[in-house]
Undergrad: 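This structure is in structure tokens; I'll ask about it shortly.
A quick note: this is a predicted structure, and the numbers were derived from the prediction, not measured. Chain A is the first sequence line, chain B the second, and so forth, proteins listed ahead of strands; every chain is numbered from 1.
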Amino acid sequence: MPILKAPRNPLVYLKAKHITSIEDPVRLLKLAADTKNLELGKLIHAHLIVTSADAFSNNIDVIQSNFLINLYAKCGQICIARQLFDCMPVRNVVSWSALMAGYLHNGLDLEVLGLFKRSMASVDDMCPNEFVLTTVVSSCSTSGRVQEGMQCHGYVLKSGLVFYQHVKNALIHMYSRLSDMEGAMSVFNTVQACDIFSYNSILNGLLEHGHLKEAMQVLSIMVSKRVKWDSVTYVTVFGICSSLGTLRLGLQVHCRMLKTDIECDAFVNSAIMNMYGKCGKLVNAAKIFECLLIRNVVSWTTIMAAHFQNGYFEEALNFFVNMKLEDITPNEYTFAVLLNSSASLSALRHGALLHACAEKSGFTDHMIVGNALINMYAKSGYIEAANEVFSDMTYRNSVTWNAMISGYSHHGLGKEALNVFRDMITAGDSPNYVTFVAVLSACAHLGLVQQGFYYLNQVMKQIGIEPGVEHYTCIVGLLSRAGLLDEAENYMRSVSAKWDVVAWRTLLNACYLHRNYGLGRRVAEIVVKMDPNDVGTYLLLSNMYAKARSWDGVMKIRKLMRERTIKKEPGVSWVEIKDTAHIFVSDDNSHPESRQIYEKVGELLIKIKQLGYVPDIAAVLHDVEDEQKEDYLSYHSEKLAIAYGLMKTPTEAPIRVIKNLRMCDDCHTAVKMISKLTNRVIIVRDANRFHHFKDGCCSCVDYW
DNA sequence: GTAGGGTTAG
């Protein structure tokens with residue numbers, strides 16, 4: 001039967017429960033502790049003091065005192081619990097155990113270890129039992145104390161306490177938390193039977209550490225042994241489905257759950273929504289969210305994350321508004337999802353606003369928020385701010401380092417990227433798969449061919465990271481950038497990686513930039529076969545023909561595009577001015593200040609022509625006169641956006657422009673000169689990378 | 001009398 005929550009006045013509560021006298025104070029103390037009813041507990045405590053045999057010495061017996069320690073510990077009053085404990089003339093193992101559990105549940109795990117050490121040396125008759133060891137082992141889990149945890153395991157084995165179910169489960173959990181899955185499995189496989197707690201702990205540990213195959217094996221044991229799942233099992237198994245990304249399994253588990261009488265609490269619902277989101281079924285996740293009667297911060301964050309993961313960044317951000325309307329306070333995970341959504345939109349102002357919100361709510365100290373901030377600033381073109389957040393962080397993990405290294409890499413700042421990598425090694429953090437993608441791409445930016453191979457063949461091997469296609473693609477980029485095109489092609493043909501269209505396109509782009517049109521055309525054929533709908537390839541190919549003055553070739557490509565009904569995606573650029581993102585499409589005059597903008601572009605072009613700018617009319621695909629070709633180039637979207645930025649921002653402010661396609665040669669040359677002419681820093685994020693234009697130069701050193 | 005497992009980020 002559920003226990004009613006007590007009214008504010010405990011006397012009224014006692015009356016309501018038909019308790020007219022406190023005959024059994026200990027039972028009431030237990031009730032108060034279990035329902036976390038501090039007021040009732042205090043009342044009983046007062047009663048005990050008044051009615052104790054010797055009221056003046058407050059001499060309450062050991063059992064009653066133990067109940068009181070438990071009461072105060074459970075109600076979050078650990079200091080009072082400690083005072084009581086310290087005042088006890090005689091203590092027993094339960095006194096120690098109750099206080100230790102209190103410290104553990106109040107987040108003071110290191111106090112537990114201290115108390116345990118003290119207890120072993122104390123005059124009290126304290127032979128640690130299964131309760132004590134369960135609590136102490138748990139505190140090793142939460143405090144990350146590997147050494148002490150293993151010592152406890154030794155003691156537990158010697159003393160025979162390992163045969164207690166709680167102790168075994170605490171050990172499985174401890175090894176899982178301390179990332180020792182071999183240790184966890186060895187405890188899991190001991191003769192002592194497993195209950196649902198053991199299964200849940202081992203499943204969770206395997207999931208957390210990415211051992212999905214082993215998790216599935218345990219799951220199949222559970223199924224064959226007909227172990228009854230509880231709601232925690234479902235949460236964990238949905239987590240496994242999410243990590244595997246297999247919708248089929250997810251649906252099976254969801255069906256199984258619906259057939260049982262499992263209570264679908266906030267945990268379970270969030271786990272299901274997360275599963276659907278990660279398996280690409282956003283609609284299912286959204287449906288569950290809409291049907292939820294009570295939504296907590298995790299439900300909101302989960303549905304935002306599902307939208308973010310499926311590419312609906314703006315929608316993810318919009319949930320924040322509704323969440324606030326329902327008076328739900330965001331947490332660090334909420335800010336991480338919001339910042340990452342903002343990052344994917346390169347929405348610097350919005351991201352900075354979120355940064356301010358997070359700062360105000362005190363979440364910027366959390367590592368996941370710091371990581372998301374680095375990502376947001378880097379992807380929004382403000383690499384200096386990313387570095388500022390990075391430098392201020394007290395705790396870093398591999399994601400932190402990776403975000404900064406790849407941030408620098410995307411901005412073409414290879415030296416800085418490698419410096420951060422060196423700091424990562426010095427700090428003793430282990431680089432992973434993602435780290436080396438960023439490191440190798442930094443090597444490519446710097447043209448460090450030998451160093452790149454050294455990282456791939458020596459360092460990665462030493463650390464035990466199996467290179468993947470992303471790493472091999474970086475090597476292709478590295479060779480290509482250094483102009484070693486034949487070597488790059490040979491490399492692709494000799495290494496048996498699963499070369500994808502990205503890798504071939506890297507080589508193709510290199511052929512274009514190094515004007516090796518023969519190899520370029522051959523590679524382009526491969527790329528077109530792999531992705532016949534990619535406009536970029538046709539344009540590159542056509543440009544290559546144009547640069548080689550092979551007009552037949554240009555015609556051929558144009559015909560091919562017509563036949564395959566491939567349309568050029570319009571170039572779109574945008575620039576944030578105050579609260580608004582101003583969007584420009586090439587040759588578009590829908591902006592209210594269009595006339596002034598065109599005038600500004602014209603004015604800039606005249607001035608940079610005096611500095612030596614020559615429009616790259618060969619790149620224009622239209623069948624028109626040269627003069628008209630120049631017009632087509634003049635009003636490319638990024639030129640419009642930059643002109644508007646120059647018109648609307650103070651002279652010293654950098655201009656940040658985002659573009660959907662790769663920047664064309666002509667714009668690249670023009671923007672370099674505009675940066676010199678106007679003495680501005682112009683940062684353009686195109687489909688591939690960032691270009692920092694300053695003093696007539698670009699950070700990509702004209703290779704992109 | 002005191003003890004064990006779960007949701008959202010990359």
Undergrad: Can you tell which of dA9(B), dG6(B), dA3(B) lies closest to the side chain of Val337(A)?
TA: dA9(B)
Undergrad: Return no unless some side-chain N or O of Lys278(A) is found under 4.0 Å from OP1 or OP2 of dT7(B).
TA: no
Undergrad: Can you confirm whether the side chains of Thr302(A) and Asn274(A) place a donor and an acceptor under 3.5 Å from each other?
TA: no
Undergrad: Return the nearest nucleotide to the side chain of His105(A); candidates are dT2(B), dA3(B), dG6(B).
TA: dA3(B)
Undergrad: Counting distance alone, no hydrogens or angles: does the base of dT8(B) have a donor or acceptor under 3.5 Å from a partner atom on the side chain of Thr302(A)?
TA: no
Undergrad: Judged by modelled atom types alone, do His209(A) and Ser179(A) share a side-chain donor-acceptor pair under 3.5 Å?
TA: yes
Undergrad: Pair Tyr175(A), His153(A) - check side chain to side chain donor-acceptor pair (under 3.5 Å), show working.
TA: CA-CA 10 Å; Tyr175(A) 280 115; His153(A) 191 185; 2.7 Å; yes
Undergrad: Using atom CE of Met174(A) as one end and atom C1' of dA3(B) as the other, report the distance to the nearest whole Å.
TA: 15 Å
Undergrad: Can a side chain N or O of Gln165(A) be found less than 4.0 Å away from OP1 or OP2 on dA3(B)?
TA: no
Undergrad: Measure the distance from CZ on Phe320(A) to C1' on dT8(B) and round it to the nearest whole Å.
TA: 14 Å
Undergrad: Do Asn375(A) and Asn340(A) have side-chain N/O donor and acceptor atoms under 3.5 Å apart?
TA: yes
Undergrad: Heavy atoms under 4.0 Å, any strand shown: does Ser95(A) hit a base, just sugar-phosphate, or nothing?
TA: nothing
Undergrad: Is the phosphate of dA9(B), meaning OP1 or OP2, less than 4.0 Å from a side-chain N or O of Asn371(A)?
TA: no
Undergrad: Have a look at Val434(A) and say if it touches a base, only the backbone sugar-phosphate, or nothing, with a 4.0 Å heavy-atom cut-off.
TA: nothing
Undergrad: Under 4.0 Å between a side-chain N/O of Gln309(A) and OP1 or OP2 of dA9(B), yes or no?
TA: yes
Undergrad: Taking the side chain from Arg82(A) and the backbone from Gln77(A), do they hold a donor-acceptor pair closer than 3.5 Å?
TA: no
Undergrad: If you look at every strand shown and take non-hydrogen atoms under 4.0 Å, does Val132(A) touch a base, only sugar-phosphate, or nothing?
TA: nothing
Undergrad: Choosing from dT8(B), dA3(B), dG6(B), which nucleotide comes nearest the side chain of Val235(A)?
TA: dG6(B)
Undergrad: Rounded to the nearest 0.5 Å, how far does NE2 of His45(A) lie from CG of Leu84(A)?
TA: 5.0 Å
Undergrad: Which listed nucleotide (dT2(B), dT8(B), dG10(B)) is nearest to the side chain of Val298(A)?
TA: dT8(B)
Undergrad: Looking only at side-chain N and O atoms, does Asp109(A) offer a donor or acceptor that is under 3.5 Å from a partner on Ser143(A)?
TA: no
Undergrad: Does Lys287(A) count as lying over the ring of Phe289(A), i.e. NZ or CZ under 6.0 Å from the six-ring centre, within 45 degrees of the axis?
TA: no
Undergrad: Expressed in angstrom and rounded to an integer, what is the separation of Asp265(A) atom CG from dG6(B) atom P?
TA: 13 Å
Undergrad: Could you state the OH-P distance from Tyr433(A) to dG10(B), rounded to the nearest angstrom?
TA: 19 Å
Undergrad: Return the value, rounded to whole Å, for the distance between atom CG of Leu84(A) and atom C1' of dT2(B).
TA: 15 Å
Undergrad: Nearest of dT2(B), dT8(B), dT7(B) to any side-chain atom of Phe267(A)?
TA: dT7(B)
Undergrad: Establish, with yes or no, whether the OP1 or OP2 oxygen of dA9(B) is under 4.0 angstrom from a side-chain nitrogen or oxygen of Asn340(A).
TA: no
Undergrad: Ignoring backbone atoms, establish whether His366(A) has a side-chain N or O less than 4.0 Å from OP1 or OP2 of dA9(B).
TA: no
Undergrad: Which listed nucleotide (dG6(B), dA9(B), dT2(B)) is nearest to the side chain of Asn129(A)?
TA: dT2(B)
Undergrad: Contacts to DNA chain B from residues 323-334 of chain A, heavy-atom cutoff under 4.0 Å, which residues?
TA: Asn331(A), Tyr333(A)
Undergrad: How long is the line joining CZ of Phe289(A) and C1' of dT7(B), in whole Å?
TA: 14 Å
Undergrad: Which nucleotide in the list dT2(B), dT7(B), dT8(B) gets nearest to the side chain of Ala305(A)?
TA: dT8(B)
